[in-house]
There are 2 protein chains.
Amino acid sequence: MPDTPRALAKEPGACRAREILDRVGDKWSLQVIARLGERPYRFSELRRGIEGISQRMLTVTLRGLERDGIVSRTVTPVTPPRVDYALTPLGLTLLTAVNSLVSWAEVHLDEIDASRADFDRRTAAL
Amino acid sequence: MPDTPRALAKEPGACRAREILDRVGDKWSLQVIARLGERPYRFSELRRGIEGISQRMLTVTLRGLERDGIVSRTVTPVTPPRVDYALTPLGLTLLTAVNSLVSWAEVHLDEIDASRADFDRRTAAL
DNA sequence: CTGTATCCGCTGCGATACTG
DNA sequence: CAGTATCGCAGCGGATACAG
């Protein structure tokens, strides 16, 4: 295995919400989920469709999502080998939840950019 | 400033959704937002309320959220100094979006745990 | 009380090379 | 085509010490 998928520090009572964000909040998971929300993809298709992702990180990301039952992995033993990835039913429900966050981002991006510019201007004046 | 808040690599057409996840997906932002969703808090109250956060990271996290216009910072110049943090209206709308993700996590945590256990058992059998 | 400055270890992740 | 193995570094974030 290239890397350990994730080191989850099982905090007792602490907010379990972190775990889901660890899953969805890393660098690539969201984009992978979004892609697979459209339709199933093969490995290379996915790689080409996601700008800038390395082979390694696509593998690691897919493994993590597969482990959590969010994507399914279907191997067709032909030559050359063919592997298809798709969202599971669980993955679909996650897609919905994630989309509300994405929508939020799209709606408020200008507002955030403005706020940042403001803040930076104010703190630059020291 | 202890650290630069975040290095945002302004990718041209690429998914802007990453930016919001960079904001909300880091180690502490979510918990801070959740807390402030209940009521305004003072710095030390927040620190005590969030298990395991260091002073440094609370400061860094709050600065980032303030910069994005998600939390407000109100200084009362008394001795000892008093600083109150609260969600802005923008922050409140984010809280709503984030909550749908948190709900999802709560609902599906068992399912995910089971899937992980399954996966780990299968891959352990090599 | 509310920060800020510095040091530093750990891990995410890209680059590269190799296998079935 | 679809991975896996290894190396290397940048940056997140913890510990600690200081300051207004």
Side-chain angles (χ1 to χ4, degrees), chain A residues 1-9 11 14 18 21-32 40-67 71-86 123 126, chain B residues 1-9 11 14 18 21-32 40-67 71-86 123 126:
Chain A
M1 210 175 299
D3 268 24
T4 294
R6 185 84 38 178
L8 287 177
E11 296 168 31
R18 275 257 83 238
L21 285 173
D22 279 338
R23 167 79 288 127
V24 125
D26 67 8
K27 196 171 182 184
W28 302 108
S29 290
L30 234 209
Q31 295 182 61
V32 169
Y41 273 90
R42 299 184 53 179
F43 188 88
S44 298
E45 280 180 319
L46 221 39
R47 180 145 152 64
R48 264 176 276 114
I50 299 176
E51 180 108 13
I53 195 170
S54 66
Q55 187 181 39
R56 171 194 149 81
M57 285 318 297
L58 182 54
T59 300
V60 172
T61 301
L62 285 169
R63 282 294 176 283
L65 293 171
E66 187 195 356
R67 186 170 104 104
V71 313
S72 64
R73 179 170 180 271
T74 312
V75 182
T76 310
V78 295
T79 46
R82 175 197 178 98
V83 182
D84 290 272
Y85 292 92
T123 57
L126 294 182
Chain B
M1 212 174 301
D3 269 24
T4 294
R6 187 81 39 178
L8 288 176
E11 295 169 28
R18 275 256 83 240
L21 285 173
D22 279 338
R23 166 81 290 128
V24 125
D26 67 10
K27 196 170 182 184
W28 301 109
S29 289
L30 232 212
Q31 296 183 61
V32 170
Y41 274 90
R42 297 184 55 179
F43 188 88
S44 298
E45 280 180 319
L46 265 179
R47 182 146 154 59
R48 264 176 279 113
I50 300 175
E51 179 108 13
I53 194 169
S54 65
Q55 188 181 41
R56 170 194 150 81
M57 285 319 297
L58 182 54
T59 301
V60 171
T61 301
L62 285 169
R63 281 293 176 285
L65 293 171
E66 186 196 356
R67 185 171 105 105
V71 313
S72 64
R73 179 171 181 272
T74 313
V75 182
T76 311
V78 294
T79 45
R82 174 197 178 97
V83 182
D84 290 273
Y85 292 92
T123 58
L126 293 182

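FYI, side chains are in, hydrogens and waters are out, and symmetry mates aren't considered; it's all heavy atoms of this structure.
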Q. Residues in salt bridge (Lys or Arg N to Asp or Glu O under 4.0 Å) with Arg42(B), at least two apart?
A.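 Salt bridge (Lys or Arg N to Asp or Glu O under 4.0 Å) list for Arg42(B), sorted by chain: empty.
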
Rounded to the Å, how far apart are [X] [atom1] and [N] [atom2]?
| X | N | atom1 | atom2 | result |
| --- | --- | --- | --- | --- |
| Leu58(A) | dG12(C) | CG | C1' | 16 Å |
| Leu46(A) | dC1(D) | CG | C1' | 14 Å |
| Ile53(B) | dG3(C) | CD1 | C1' | 14 Å |
| Leu62(A) | dC1(D) | CG | C1' | 14 Å |
| Asp22(B) | dG11(D) | CG | C1' | 13 Å |
| Asp84(A) | dC1(D) | CG | P | 14 Å |
| Glu66(B) | dG3(C) | CD | C1' | 13 Å |
| Glu51(B) | dG14(D) | CD | C1' | 15 Å |

Under 4.0 angstrom between [X] side-chain N/O and [N] OP1 or OP2:
| X | N | result |
| --- | --- | --- |
| Tyr85(A) | dC1(D) | no |
| Thr59(B) | dT2(C) | no |
| Arg47(A) | dA2(D) | no |

**Q.** side chain to side chain donor-acceptor pair (under 3.5 Å) against Arg73(A), all qualifying residues, sequence neighbours excluded
**A.**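 Once residues adjacent in sequence are excluded, the partners of Arg73(A) under the side chain to side chain donor-acceptor pair (under 3.5 Å) criterion are Tyr85(A).
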
Q. Could you walk me through whether Lys27(A) and Leu21(B) pass the side-chain contact (heavy atoms from CB on, under 4.5 Å) check?
A. CA-CA 9 Å; Lys27(A) 196 171 182 184; Leu21(B) 285 173; over 6 Å; no

Nearest of [options] to any side-chain atom of [X]?
| X | options | value |
| --- | --- | --- |
| Arg63(A) | dT4(D), dC1(C), dG13(D) | dT4(D) |
| Arg73(A) | dG3(D), dT2(C), dC13(C) | dG3(D) |
| Phe43(B) | dT2(C), dT4(D), dG14(D) | dT2(C) |

**Q.** Estimated bend of the helix from dC1(C)-dG20(D) to dG20(C)-dC1(D) (axis per five terminal pairs, rounded to 10 degrees)
**A.**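 That helix has its two terminal axes inclined by roughly 40°.
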
Q: List the protein contact pattern of nucleotides 15-20 of chain C with one symbol per nucleotide (5' to 3'): B for base contact, S for sugar-phosphate-only contact, - for none; contact means a heavy-atom distance under 4.0 Å.
A: B-B--B

Roughly how far apart are [X] [atom1] and [Y] [atom2], rounded to 0.5 Å?
| X | Y | atom1 | atom2 | value |
| --- | --- | --- | --- | --- |
| Leu62(B) | Ile53(B) | CG | CD1 | 7.5 Å |
| Gln31(A) | Asp26(A) | CD | CG | 10.0 Å |
| Leu58(A) | Tyr41(A) | CG | OH | 12.5 Å |
| Phe43(A) | Gln55(A) | CZ | CD | 5.0 Å |

Q) Ser54(A): what forms a side-chain contact (heavy atoms from CB on, under 4.5 Å) with it, not counting sequence neighbours? A)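 Scan of Ser54(A) (side-chain contact (heavy atoms from CB on, under 4.5 Å), adjacent residues dropped) gives Arg56(A), Met57(A).
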
What pairs of donor and acceptor atoms, side-chain ones from residues 76-83 of chain B against any protein atom, are under 3.5 angstrom apart with sequence neighbours left out?
| unit_1 | atom_1 | unit_2 | atom_2 | d |
| --- | --- | --- | --- | --- |
| Arg82(B) | NE | Asp84(B) | OD2 | 2.9 |
| Arg82(B) | NH2 | Asp84(B) | OD1 | 3.4 |

